[in-house]
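Quick notes on the structure that follows.
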2 protein chains.
Amino acid sequence: MLKFTNNFFFYKKNKKNNSIIKIINDVKNYGDNSLKYYIKKIDGLSVDNIKNIILKTNILKKSYKKLIIKKKKIIKEIFLRLKRYHFHFFLNSWQIKNKYLYYGQKNSVIEKICIYVPGGATIYPSSIFMNSIPALIYKPKKIIMITPVKKGLISNLILSISYLCNIKKIILSGGAHTVCSIVYGTKTIEKMNKIVGPGNIFVTESKKILFGNIGIDMLAGPSELLILCEDNIKPKIIINDFFSQLEHDKCAISYLLSNNRIYLEKIYNIIYKKIKNQINKKIIFNSLNNSFLIFNNLFNLLKIINFFSPEHTMICLKYFKKILKFIKNSGTIFLNYKTSVSYGDYYIGPSHVIPTNKTSKFFSSLNLNDFCKKINLIVVNNNLNSKILSSFFSKKEKFNSHSFSSIFR
Amino acid sequence: MLKFTNNFFFYKKNKKNNSIIKIINDVKNYGDNSLKYYIKKIDGLSVDNIKNIILKTNILKKSYKKLIIKKKKIIKEIFLRLKRYHFHFFLNSWQIKNKYLYYGQKNSVIEKICIYVPGGATIYPSSIFMNSIPALIYKPKKIIMITPVKKGLISNLILSISYLCNIKKIILSGGAHTVCSIVYGTKTIEKMNKIVGPGNIFVTESKKILFGNIGIDMLAGPSELLILCEDNIKPKIIINDFFSQLEHDKCAISYLLSNNRIYLEKIYNIIYKKIKNQINKKIIFNSLNNSFLIFNNLFNLLKIINFFSPEHTMICLKYFKKILKFIKNSGTIFLNYKTSVSYGDYYIGPSHVIPTNKTSKFFSSLNLNDFCKKINLIVVNNNLNSKILSSFFSKKEKFNSHSFSSIFR
């Protein structure tokens with residue numbers, strides 16, 4: 001049941017820790033053999049040789065060539081739009097030089113990237129774009145992709161988009177076992193430096209456990225949308241967005257905030273009328289359980305937004321520019337009612353890999369920064385001041401060899 | 001024993017997982033009472049009220065005022081140098097606008113920052129600078145500090161530097177229990193959004209377990225230095241740096257790489273002669289166990305650097321500029337033999353909170369980026385193209401409500 005409240009909802013994680021730790025230890029120790037075992041056990045797929053579930057560039061290229069021109073045109077346009085957006089984040093290395101000192105920062109790409117693209121029930125071609133395009137810009141040595149595939153079938157569109165995104169290999173298997181294989185490497189699978197992209201609860205838990213052995217982007221929870229709206233927006237428009245978020249899966253969450261109680265009550269009634277027309281109504285009906293309509297004054301509603309720190313925030317207010325500066329935490333903000341969240345999800349530019357579950361208080365959505373390390377560079381042409389300043393601290397910290405090394409050069 | 005080899009060394013973590021999970025659950029559930037219990041049990045300190053171990057700005061200010069002018073001048077100079085360096089990383093928000101579209105990125109500071117400063121055996125005033133200065137630049141709402149203190153004593157210098165760095169509160173307790181208290185909050189301790197700074201193995205493990213509930217910087221291991229040098233550098237200089245790294249603690253690591261075997265053998269002998277003159281010789285003798293002298297040709301040595309991805313790399317070669325582009329992974333690079341690693345550790349500019357244990361393959365040293373989220377902004381003024389592009393994907397992904405919401409607006 002959809003709740004009508006001004007209380008908060010807390011998402012609780014389902015911990016499957018122990019079984020995941022077992023999978024990780026097995027794959028780490030027994031490599032390919034263990035991976036084959038888990039592919040059989042979890043995905044129900046018998047694999048003789050891990051090589052059989054790896055697709056290489058030549059196959060991707062063939063698929064891309066087969067694609068009809070109309071589709072090619074669309075995916076190319078989306079590709080370019082996303083790339084153009086992410087280029088704005090580009091940072092050059094820099095150096096500063098004077099008589100005594102030369103220092104700076106060298107931007108160095110993370111060499112081996114793995115993207116995780118969910119799959120199974122349906123295909124998610126847009127996720128390939130959203131994960132790999134920010135990675136592409138600094139030109140890493142290699143991008144590979146792991147994705148679970150139902151019954152060993154994979155769509156032509158998935159392969160074509162992967163080719164466009166310069167993905168070198170697709171491993172047709174998902175879950176904690178495949179994530180672990182790219183962290184430690186096996187005989188057939190190469191070790192990677194960073195994995196990005198959301199997966200199910202097993203994938204997220206395994207990313208958390210393996211964090212530090214590999215770089216990760218963030219820990220993804222269920223998708224969220226918060227809509228803050230005035231009463232002059234047609235309920236139909238608001239409800240379409242409300243439903244579009246809820247159809248992701250049964251854990252998805254939509255919030256609708258307004259300072260007009262009557263308007264909210266109206267929407268509440270229309271939701272139950274409209275839900276039967278939705279094709280994914282079963283999922284929407286389930287995820288409606290997590291959702292809230294919240295009535296309060298604007299000042300408190302803004303506080304609630306910053307508390308929830310939603311993945312997507314939609315501001316349907318006439319004076320959105322005045323409001324914007326008060327929103328401190330959110331992944332992506334859509335600033336008028338004309339901007340459907342699906343535009344942002346699919347083609348505008350920002351990645352749809354966005355922090356959820358209140359983590360946008362400290363995470364950003366996937367961007368260039370996630371694929372580039374900053375290395376500090378230092379040259380000092382010895383001078384007295386260096387010795388004084390550095391030995392001030394080394395004496396206090398009882399690091400005497402530090403003092404020696406700074407003074408006797 | 002110092003080993004003379006061209007094999008690699010792997011650091012293995014000492015897992016104390018279960019006891020840390022217990023501590024975390026206790027502090028999460030029982031707040032201040034549990035915190036008091038662990039402060040008694042782990043730090044051996046009886047505390048009636050948690051408020052008694054919290055220092056506020058007024059006390060820090062008093063300490064700062066008491067500081068002699070000479071010291072004040074030195075810490076102010078270091079403060080300004082570090083701040084100047086980090087300003088180079090500053091990024092503005094940006095927006096792009098055209099007829100159909102308005103998009104951009106809003107840089108938003110992470111509001112509540114906690115820095116962890118190790119303590120106990122000695123004091124680490126420099127760590128306050130290194131953790132808090134990159135945070136200061138975007139002006140967060142609040143920076144607090146947690147640090148373990150031996151026998152309840154805390155140095156005047158620590159307090160003064162904290163005042164200079166605009167730290168609002170110091171909680172005089174460290175370890176997993178205190179880390180947990182700032183993640184979930186207790187009656188007296190406020191919840192924070194991000195914790196940065198290295199600690200001991202318990203702190204690192206608890207940061208990893210709590211990651212996602214709070215933002216963290218990186219997972220720190222023992223300190224490392226790799227020196228790549230030619231045979232024309234005085235052994236004395238190289239050995240001073242070699243020792244300075246090893247005195248950090250008994251897990252610290254130094255590598256010395258050269259393409260001249262005779263030179264390395266010479267250094268090997270001098271190390272054992274010089275070690276007795278070092279004041280921290282006990283620690284250095286222990287950490288010598290983890291260290292290596294590696295002889296090989298330059299091509300292979302560069303490969304070894306990228307494999308080890310050391311925290312500090314010192315390049316003592318005449319033609320360092322030619323070499324630099326081949327180094328893909330390292331935290332900070334010192335580019336001539338005159339640049340003592342302690343200069344970088346204490347005053348030059350970059351933070352000395354640097355990724356260790358091969359993680360500089362995907363982590364950067366602490367910088368402005370760690371304290372700022374990037375929020376995407378989108379406004380679309382509806383047009384046909386939006387509908388075509390976004391519904392292309394939503395149809396493929398069987399998200400029908402997405403299609404509705406993009407088409408019927």
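Contact tally against chain B (heavy-atom pairs below 4.5 Å) for N329(A), D370(A), D345(A): the top residue is N329(A). Counting heavy-atom pairs closer than 4.5 Å to chain B, the top residue among I354(A), I348(A), N336(A), N381(A) is I348(A). Chosen from K387(A), K396(A), M218(A), the residue pairing most often with chain B at heavy-atom distances under 4.5 Å is K396(A). Put simply, of F399(A), Y102(A), F404(A), F334(A), the one with the most heavy-atom pairs under 4.5 Å next to chain B is F399(A). Top candidate by heavy-atom pairs under 4.5 Å with chain B, chosen from L101(A), I75(A), I279(A), is I279(A). Heavy-atom pairs under 4.5 Å with chain A were tallied for K398(B), K112(B), K194(B), K361(B); the largest tally goes to K361(B).
For a residue to count as touching a neighbouring chain, one of its non-hydrogen atoms must lie under 4.5 Å from one of that chain's; by this rule N277(B) touches chain A with the backbone only. In this structure, no portion of M192(B) lies under 4.5 Å from any heavy atom of chain A. For a residue to count as touching a neighbouring chain, one of its non-hydrogen atoms must lie under 4.5 Å from one of that chain's; by this rule S360(A) touches chain B with the backbone only. Only the backbone of I214(B) has a heavy atom closer than 4.5 Å to any heavy atom of chain A. Interface remark: I239(A) contributes no atoms to any contact with chain B (heavy atom separation under 4.5 Å). For chain B, no part of I315(A) is nearby; none of its heavy atoms comes within less than 4.5 Å. Heavy-atom distances place no part of K234(B) under 4.5 Å from chain A, backbone and side chain included. Within the 4.5 angstrom heavy-atom criterion, only backbone atoms of K325(B) (N, CA, C, O) approach chain A. Within the 4.5 angstrom heavy-atom criterion, only side-chain atoms of F129(A), from C-beta onward, approach chain B. If you measure heavy-atom distances from I161(A) to chain B, the contacts under 4.5 Å come from the side chain alone. If you measure heavy-atom distances from N193(A) to chain B, the contacts under 4.5 Å come from both the backbone and the side chain. Residue contact with chain A, scored on non-hydrogen atoms closer than 4.5 Å, involves the side chain of Y347(B) exclusively. Heavy-atom distances place the side chain of T122(B), and not its backbone, under 4.5 Å from chain A. Contact of D241(B) with chain A is made through backbone and side chain together, with heavy-atom distances under 4.5 Å. In this structure, chain A has a heavy atom under 4.5 Å from the side chain of S108(B), while its backbone stays farther away. Both the backbone and the side chain of N400(B) come within contact range of chain A, judged by heavy atoms closer than 4.5 Å.
Within a 6.0 Å radius of OH in Y337(B), other residues, nucleotides and ligands contribute 12 heavy atoms or fewer.
Between the S351(A) side chain and the S365(A) main chain, no donor and acceptor come within less than 3.5 Å of each other. S390(B) contributes no side-chain N or O that, together with a main-chain N or O of S342(A), makes up a donor-acceptor pair within less than 3.5 Å. Distance alone, capped at 3.5 Å, places no donor-acceptor pair between the N280(B) side chain and the I283(B) backbone. N357(B) contributes no side-chain N or O that, together with a main-chain N or O of T359(B), makes up a donor-acceptor pair within less than 3.5 Å.
No side-chain donor from either of E111(A) and N306(B) sits under 3.5 Å from a side-chain acceptor of the other.
F363(A) has its ring centre less than 6.0 Å from the ring centre of F211(B). Centroid-to-centroid, the aromatic rings of Y343(B) and F393(A) stay 6.0 Å apart or farther.
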(request) For salt bridge (Lys or Arg N to Asp or Glu O under 4.0 Å), just list the numbers for E77(B) and K73(B), CA-CA rounded to whole Å, side-chain angles, deciding distance to a tenth of an Å, and then say yes or no. (result) CA-CA 6 Å; E77(B) 176 165 355; K73(B) 215 182 133 192; over 6 Å; no
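Between S401(B) atom OG and E247(A) atom CD the span is 3.5 Å, to the nearest 0.5 Å.
Put simply, the side chain of I110(A) reaches to within 4.5 Å of the side chain of K373(A), judged on heavy atoms.
Of the options I378(B), N376(B), I96(B), a side-chain contact (heavy atoms from CB on, under 4.5 Å) to Y85(A) is made by N376(B) and by none of the others.
Under the side chain to side chain contact (heavy atoms under 4.5 Å, CB included) criterion, I74(A) pairs with I78(A), I388(B), L389(B), F392(B), sequence neighbours left out.
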